[in-house]
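Quick notes on the structure that follows.
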Amino acid sequence: MAKNICFIIWVLFIADTVWAQSVRQAYEVHEPEDWTVDDFDCPGECFCPPSFPTALYCENRGLKEIPAIPSRIWYLYLENNLIETIPEKPFENATQLRWINLNKNKITNYGIEKGALSQLKKLLFLFLEDNELEEVPSPLPRSLEQLQLARNKVSRIPQGTFSNLENLTLLDLQHNKLLDNAFQRDTFKGLKNLMQLNMAKNALRNMPPRLPANTMQLFLDNNSIEGIPENYFNVIPKVAFLRLNHNKLSDAGLPSSGFDVSSILDLQLSYNHLTKFPRISAHLQHLHLDHNKIKSVNVSVICPTTLHAGQDAFIHGPQLSYLRLDGNEIKPPIPMDLMTCFKLLQAVII
């Protein structure tokens with residue numbers, strides 16, 4: 001129980017790390033005496049809460065254009081409108097912007113004026129989910145720490161798009177139209193601090209090449225990935241959370257060492273084509289193998305070599321605390337030693 005609690009705390013710590021530094025910077029607030037009377041002007045299409053003078057709320061208003069943004073604004077909410085373009089002019093005075101939410105609009109790449117985003121030298125968060133983008137927008141401000149592009153039509157990543165984004169910690173490209181040919185060997189070059197990369201729900205058949213070395217969370221669910229190259233994880237030695245659910249992985253598609261990677265703590269391989277239990281690291285704690293074609297499990301692969309007498313605690317061997325094997329082809333009767341091991345692991349097997 002103590003080990004599970006420690007693991008949960010560690011998971012929360014890693015997830016929060018992706019946000020923490022950005023949030024601290026984003027929520028620094030100027031003193032009101034730094035502003036002039038003109039700074040308190042509010043665009044008629046929007047709402048400026050007196051209790052939150054650095055925020056501008058323009059969401060759900062049927063807007064087709066971005067209004068002029070006052071210089072005091074740090075947080076700009078423009079989601080769920082009919083906006084098609086991002087010109088430079090509305091942002092001429094918005095030199096303090098940290099956060100822009102443009103989710104659920106109709107923005108295309110052709111509608112983004114060159115320099116409109118890169119001029120925002122303090123921008124940390126950019127939300128462009130649910131738009132009409134066909135490629136990752138560029139150029140972007142070097143200050144950016146989170147880029148959210150889920151549910152667009154992105155199929156291209158122009159050369160050098162990420163080359164100057166050394167502060168980016170989170171890149172979300174899930175639910176787009178990325179194919180393997182969208183990536184070059186240097187596509188992710190420059191993302192020195194990237195921690196979370198989400199490319200779930202695309203059309204990838206291969207693992208993306210040359211990921212940033214600091215990647216800790218890699219999400220590739222719902223693609224068509226058939227195999228993982230030998231030594232693939234050598235370039236991402238810090239990866240702790242790996243999700244490959246709903247792909248086409250087979251036994252032949254796994255490297256000889258399987259997933260025997262000491263950094264991986266949470267591994268999800270549900271809904272693939274595996275027939276054998278893959279090789280895993282002794283450090284792995286959560287493993288999802290449900291809905292594959294696994295017929296049997298070697299107890300020595302997942303269970304400890306010795307136990308404390310009369311206690312449900314590991315001394316040697318894997319540190320798994322949770323295992324899912326339901327939806328496979330494991331037939332009863334299950335050997336007693338394996339049942340004892342499953343009990344210790346809180347395993348779900350049927």
Side-chain angles (χ1 to χ4, degrees), residues 15 18-19 22-23 26 43 45-47 55-67 69 73-88 90-91 94 97-114 116-118 120 123-141 144-158 161-162 165 168-179 182-183 187 191 194 196-204 208 217-224 243 245-246:
V18 177
W19 291 86
S22 298
V23 171
E45 310 96 317
C46 307
F47 171 61
L56 183 61
Y57 292 92
C58 312
E59 73 276 27
N60 304 304
R61 283 167 167 77
L63 299 181
K64 294 184 177 180
E65 296 181 349
I66 298 174
I69 311 303
I73 298 303
W74 286 34
Y75 316 100
L76 176 59
Y77 299 89
L78 286 161
E79 63 268 30
N80 200 22
N81 281 293
L82 304 171
I83 297 168
E84 298 180 0
T85 62
I86 304 178
E88 284 191 56
F91 298 103
L97 273 175
R98 264 63 167 181
W99 176 301
I100 299 178
N101 190 331
L102 276 160
N103 291 346
K104 297 185 179 179
N105 277 282
K106 299 182 180 296
I107 297 167
T108 65
N109 290 95
Y110 300 107
I112 303 176
E113 188 174 352
K114 189 175 179 64
L117 295 172
S118 60
L120 305 174
L123 191 66
L124 301 176
F125 296 80
L126 178 58
F127 298 84
L128 283 166
E129 298 178 352
D130 297 286
N131 276 280
E132 304 293 330
L133 298 173
E134 295 181 357
E135 62 182 46
V136 178
S138 180
L140 295 167
L144 202 62
E145 295 189 359
Q146 295 200 17
L147 178 59
Q148 309 265 4
L149 297 172
R151 294 176 299 280
N152 276 272
K153 301 175 181 178
V154 174
S155 62
R156 299 186 300 275
I157 304 176
T161 294
F162 302 126
L165 300 184
L168 200 70
T169 60
L170 185 151
L171 175 59
D172 190 346
L173 286 164
Q174 67 173 304
H175 211 149
N176 277 283
K177 297 185 176 182
L178 291 170
L179 298 167
F183 305 105
T187 293
L191 297 178
L194 191 72
Q196 184 184 112
L197 178 59
N198 191 340
M199 290 189 289
K201 296 187 177 180
N202 278 279
L204 304 179
Q217 302 176 17
L218 178 59
F219 305 144
L220 292 165
D221 310 88
N222 293 92
N223 280 281
S224 298
R243 292 200 327 224
N245 302 318
H246 293 277

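- Distance alone, capped at 3.5 Å, is enough to place a donor-acceptor pair between the N131 side chain and the L102 backbone.
- The residue from N222, N198, D221 that alone fulfils the side-chain hydrogen bond (donor to acceptor under 3.5 Å, both in side chains) condition with R243 is D221.
- Going from atom CG of L178 over to atom NZ of K201 covers 14.5 Å, rounded to the nearest 0.5 Å.
- The line from OG1 of T108 to CG of N152 is 10.5 Å long, rounded to the nearest 0.5 Å.
- The two residues N105 and I83 make their nearest non-hydrogen contact at OD1-N, 3.1 Å.
- If you run side chain to side chain contact (heavy atoms under 4.5 Å, CB included) between Q196 and each of T169, L170, L171, only L170 comes through.
- Residues I86 and A116 approach most closely at O-CB, 3.3 Å, considering heavy atoms.
- Judged by distance alone, the side chain of N101 and the main-chain N or O of E79 form no donor-acceptor pair under 3.5 Å.
- Contact record, D172 with Q148: OD2-OE1, 3.3 Å, taken as the closest heavy-atom pair.
- Between the CG atom in L144 and the CZ atom in F162 there is a gap of 10.0 Å [rounded to 0.5 Å].
- Using the six-membered ring where Trp is involved, W99 and F127 have ring planes that are tilted, between 30° and 60° apart.
- The closest side-chain donor-acceptor pair between N202 and N223, if any, does not fall under 3.5 angstrom.
- D130 pairs in a side-chain hydrogen bond (donor to acceptor under 3.5 Å, both in side chains) with only one of the listed residues (H175, R151, K106), which is R151.
- Scanning both residues, N103 and L128, for their nearest heavy atoms gives OD1-N, 3.4 Å.
- Of the inter-residue distances, the one linking I66 atom CD1 with E88 atom CD reads 12.0 Å to the nearest 0.5 angstrom.
- Within the 4.5 Å cutoff, the side chain of N176 has no heavy atoms near those of the L133 side chain.
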T85/E113 under side chain to side chain contact (heavy atoms under 4.5 Å, CB included): CA gap, chis, key distance, verdict: CA-CA 8 Å; T85 62; E113 188 174 352; over 6 Å; no
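- In plain terms, the two heavy atoms of L147 and V136 that are nearest each other are CD2-CG1, 4.3 Å.
- A salt bridge is defined here as a Lys NZ or Arg NE, NH1 or NH2 lying under 4.0 Å from an Asp or Glu carboxylate O, and K153 with E132 meets this definition.
- Put simply, the side chain of P43 does not reach to within 4.5 Å of the side chain of C58, judged on heavy atoms.
- One finds the CD atom of E65 at 9.0 Å from the CD atom of E45 (value rounded to the nearest 0.5 Å).
- Note that CG of L168 and CG of L140 are 8.5 Å apart. Values are rounded to the nearest 0.5 Å.
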Intermediate values then yes/no, side chain to side chain contact (heavy atoms under 4.5 Å, CB included), L76 and F91: CA-CA 11 Å; L76 176 59; F91 298 103; 3.8 Å; yes
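- When all heavy atoms of G62 and L82 are compared, the pair lying nearest together is O-CD1, 4.0 Å.
- Considering only heavy atoms from C-beta on, P141 stays 4.5 Å or farther from L126 through its side chain.
- Looking only at side-chain heavy atoms (C-beta outward), S138 and I157 stay at 4.5 Å or farther from each other.
- Taking the side chain as every heavy atom from C-beta outward, F183 and M199 approach each other to under 4.5 Å.
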